[in-house]
There are 2 protein chains.
Amino acid sequence: MSETSVSCLITKLSHYLTLTDDSREKLAILEEEEISFSRGSEIYTIDDANEHLYVVKSGWLYTYLDLPDGRRQIVKIHHPGDIIGFADIAFRQATTNLAAAEDVVLCPFPKRGLRMIFGEAPQITALMFSIAVRDQVVLLDTLRALGRMSSRERLVYFLLDLVSRLRITNRSMTDTFRLPLTQTEIGDTIGLTNVYVSRAFTALEKDGLIARTAKGVRIVSEAELKAMVDFADRYEQMDTTWFPE
Amino acid sequence: MSETSVSCLITKLSHYLTLTDDSREKLAILEEEEISFSRGSEIYTIDDANEHLYVVKSGWLYTYLDLPDGRRQIVKIHHPGDIIGFADIAFRQATTNLAAAEDVVLCPFPKRGLRMIFGEAPQITALMFSIAVRDQVVLLDTLRALGRMSSRERLVYFLLDLVSRLRITNRSMTDTFRLPLTQTEIGDTIGLTNVYVSRAFTALEKDGLIARTAKGVRIVSEAELKAMVDFADRYEQMDTTWFPE
DNA sequence: GCGGCGCATTAAGGCCGATTAACGAGACGC
DNA sequence: GCGTCTCGTTAATCGGCCTTAATGCGCCGC
C-alpha cells in the first residue's frame, strides 16, 4: 500500500466536482485492500457469485462476453480509477467475464461497501449514479459504431473514445497514449478480426491521421478524426447542477 | 384519461415486487398528463433541452442515433410501461433522438418528478436503479450481437429479446406477438439492411423456427433459437433482496 | 547466442451482406 | 375503382471483411 501515491479513483471523481473531506474518507475505505493479477488472468467469469466490486489501482482490464463457438466480444475496457462491477448489482451472478489485459492491481470491496456510500455520502451517490448513466450513453455510441460503421471508422471511434477517457485522469495528456492491447483484443472490441485491425491502422497512418510509437498511438489530426465519425465527448462534461450539497 | 385502465407502468414494476399503496400513489403522479403522437413523429432530437421524461402509455417508439451521411442506428425500442429518458439525466441536452414507430400516447413528467421519487419512495428508487443497471447488461448483450453475430443470429437475438420484454407486462403472452416495425427499422436496430432482414426472416421461417402472421411473429421453437445465440433472459428475474422495506 | 513464442503484417481466395433495381401486395386518398 | 405510396420480396452484382496461411520481428528463457 503506497501511502504517498494519489488515489486514481479520487482523481477521476474530482474531475467532476470538488470532493469534501468526508467524501474522500469514505472513498478511501473502498481502496483499503489490494490484489494483483498478472496479464491474461481471469478475475471472474459468468455465473460466478458476484459479491465484490473492484476499483482499478493500476493496469488495464476488459469485460467480455463469449459465443459458444469461441467468438468473443469485449464490451468494456477498464482503466485505473474505474469501478468495475456496477452492471452486476441487479443480478446474483456475474453476467460478464473480467480479464486482465496486462499486470494489474485491484482493490476489491464488498457490495455492502456501496450501501454505506449510498446511505451516508449523497454527493458520491449522485456522482456514481451519473457515471453509470453516462456509461450507458457511451454504450449507445458504441452500438452505433458496431452497427453502422466501416472498419476504419470503428477504429477511429475506438481511439477517440480512449483518448477522451484517459484525459479525465491524466489532464496533462495531450495526444499520445500507451495502448497495451493486442490487435486481436482491439478487434474483439470493435467487431473486427486482427487482420482488419492491422489494415485499418496502417491505412490511418498512411493518411497521416495517426502515428504509431513503440507501444502507443499518437492522434495527429484529432479534428479530422472527430469529423469522420461525428464524435461526441461524453466524458469531459456532466450535468452536476442537480447534485445535493 | 381512462380511470378504469390499469397503468402499464405499475404492471411492469409489479412484476418484480409488490408495490405499497404509497408507492402506487407516487407512480400515478407520473402518469397524470397525456400527449399523443402519430406514427413517424419525432418527439425530441439531439441537443434539445431535455427537461422531461416520458412514461409510455401505448404504442411502440424507438431511440436512435444518426451518422452524418444518413446511416441510422436504433439503440432502444420502447414499449408501454417503459420510462424513456433515464440515459439523459446526466446531460443537459438530449444525446439521442426519439421517434414514434406507430401512433403512441406518452405521459411526460419533469425531471423533478424523479427527484420526488428519489427522496420519498426508496422502494421505487431501488427498483428504478436496478432497471437502469439491468438495461445496461442488455446493452452489453446487444453489443455482442452486433459485434459478433451473423445476420440470422442477430435477428434471432432481436426476436428473443423482444419476447422476453413483452412477457413482463403481458404474462399471458406465450409465443405470438405483434411486431409494428418495418424491416428497415429492424435492420437499423440490428445493423443490417432491409433486404437482409427479409432474407433472414424467410430463412428462419423455412427452417420452421418461426412463423409469420399478418402483422406479427410466432416463435415456434424457442429452445432451438435460444441455443442458437446462447440467449440469457435478463428480464425475468432481478435481485431485489437488498431492497429497502 | 539460440530457439521458441507471441504478435503484427501481408497476401490470396471466398463468403456474406450491401447495393441497386424491379416487381407485387396492400393501404389510402379521392 | 383508380393512382399513389409504402413496404416486403427477390435477383444480380459488387465490395468489404473474414479465413487461412506464410513471413518476419521482437522479446524472453535458457
Side-chain angles (χ1 to χ4, degrees), chain A residues 38-41 60 62 67 69-74 99-103 145-159 178-206 210-217, chain B residues 38-41 60 62 67 69-74 99-103 145-159 178-206 210-217:
Chain A
S38 61
R39 194 197 122 114
S41 304
W60 290 26
Y62 51 82
L67 279 165
D69 65 356
R71 285 173 285 181
R72 181 175 72 157
Q73 178 66 43
I74 293 177
E102 54 181 339
D103 293 351
L146 294 205
R148 289 305 186 197
M149 286 187 192
S150 70
S151 61
R152 284 183 53 170
E153 290 166 335
R154 290 185 204 196
L155 182 58
V156 169
Y157 172 76
F158 171 79
L159 294 174
R178 198 174 63 93
L179 184 50
L181 297 172
T182 69
Q183 293 190 351
T184 300
E185 286 164 341
I186 296 173
D188 285 341
T189 308
I190 56 181
L192 297 172
T193 56
N194 58 343
V195 176
Y196 251 69
V197 172
S198 174
R199 291 172 72 114
F201 257 123
T202 54
L204 290 177
E205 197 171 26
K206 204 160 290 173
I210 64 167
R212 281 185 286 179
T213 62
K215 291 265 174 204
V217 172
Chain B
S38 61
R39 195 199 119 116
S41 304
W60 289 26
Y62 51 82
L67 279 164
D69 65 357
R71 283 173 286 180
R72 182 174 72 156
Q73 178 67 42
I74 293 177
E102 54 181 339
D103 292 352
L146 294 205
R148 289 304 185 197
M149 286 187 194
S150 71
S151 62
R152 284 182 54 169
E153 291 167 335
R154 289 185 204 194
L155 182 58
V156 168
Y157 172 75
F158 170 79
L159 293 174
R178 199 174 63 93
L179 184 50
L181 297 172
T182 69
Q183 293 189 348
T184 300
E185 287 163 341
I186 296 173
D188 284 342
T189 308
I190 56 181
L192 297 172
T193 57
N194 59 344
V195 177
Y196 251 69
V197 172
S198 175
R199 290 170 72 114
F201 258 123
T202 54
L204 291 177
E205 196 172 25
K206 204 160 287 171
I210 65 167
R212 281 185 286 178
T213 62
K215 291 264 173 203
V217 172

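All chains are named by letter (A, B, ...) in the order of the sequence lines, taking the proteins before the strands, and each is independently numbered beginning at 1.
- Bracketed by its first and final contacts, the part of DNA chain D lying under 4.0 Å from non-hydrogen atoms of chain A reaches from D:dC17 to D:dT20 in 5' to 3' order.
- A:L146 CG to B:I190 CD1: the interatomic distance, rounded to the nearest 0.5 Å, is 14.0 Å.
- Taking all atoms of both residues into account, the shortest heavy-atom contact from B:A200 to B:S151 is CB-O, 4.3 Å.
- An end-to-end axis angle of 40° holds for the helix from C:dG1-D:dC30 to C:dC30-D:dG1, taken from five base pairs per end and rounded to 10°.
- Position along DNA chain C of the nearest nucleotide to A:R148 versus A:E205 favours A:E205 as the more 5'-ward residue.
- Contacts of B:E185 classified as salt bridge (charged side-chain N to carboxylate O under 4.0 Å, His left out), with partners at least two apart in sequence or in another chain: none.
- For A:A211, the side-chain contact (heavy atoms from CB on, under 4.5 Å) test picks out A:R218, A:V220, with sequence neighbours left out.
- Residues A:S38 and A:A100 approach most closely at O-CB, 3.9 Å, considering heavy atoms.
- As judged by a 4.0 angstrom heavy-atom cut-off over every strand, A:R39 is placed among residues touching the sugar-phosphate backbone only.
- When heavy atoms are screened at a 4.0 angstrom cut-off, A:R212 is found touching the sugar-phosphate backbone but no base atom.
- Distance CG/B:L181 to CZ/B:F158: 5.5 Å, rounded to 0.5 Å.
- For the atom pair B:I186 CD1 and B:L179 CG, the distance stands at 4.5 Å (nearest 0.5 Å).
- Take A:S198 and apply the side-chain contact (heavy atoms from CB on, under 4.5 Å) test, not counting sequence neighbours, and it matches A:Q183.
- Residue A:T213 comes nearest to A:V217 through the heavy atom pair OG1-N, 4.1 Å, listed as atom of the first residue, atom of the second, then distance.
- Ion pairing between a basic and an acidic side chain is recognised when a charged N comes within 4.0 Å of a carboxylate O; B:E102 and B:K215 show no such pairing.
- Side chains of B:I210 and B:F201 form a contact here, defined as non-hydrogen atoms less than 4.5 Å apart.
- Legend: residues meeting side chain to side chain donor-acceptor pair (under 3.5 Å) with A:R71, ordered by chain and number and at least two apart, are A:D69, B:E153.
- Residues passing the salt bridge (charged side-chain N to carboxylate O under 4.0 Å, His left out) test with B:R212, sequence neighbours excluded: B:E205.
- Within residues 183-200 of chain A, the residues that place at least one heavy atom under 4.0 Å from DNA chain C are, in residue-number order, A:Q183, A:V195, A:S198.
- Within residues 150-157 of chain A, the residues approaching DNA chain D are A:S150, A:S151, by heavy-atom distance under 4.0 Å.
- Residues that satisfy the side-chain contact (heavy atoms from CB on, under 4.5 Å) test with B:T184, not counting sequence neighbours, are B:T182, B:D188, B:N194.
- For A:R199, there are no side chain to side chain donor-acceptor pair (under 3.5 Å) partners, not counting sequence neighbours.
- The nucleotide range of DNA chain C contacted by chain A, defined by atoms under 4.0 angstrom from heavy atoms of the protein and reported 5' to 3', is C:dC7 to C:dA11.
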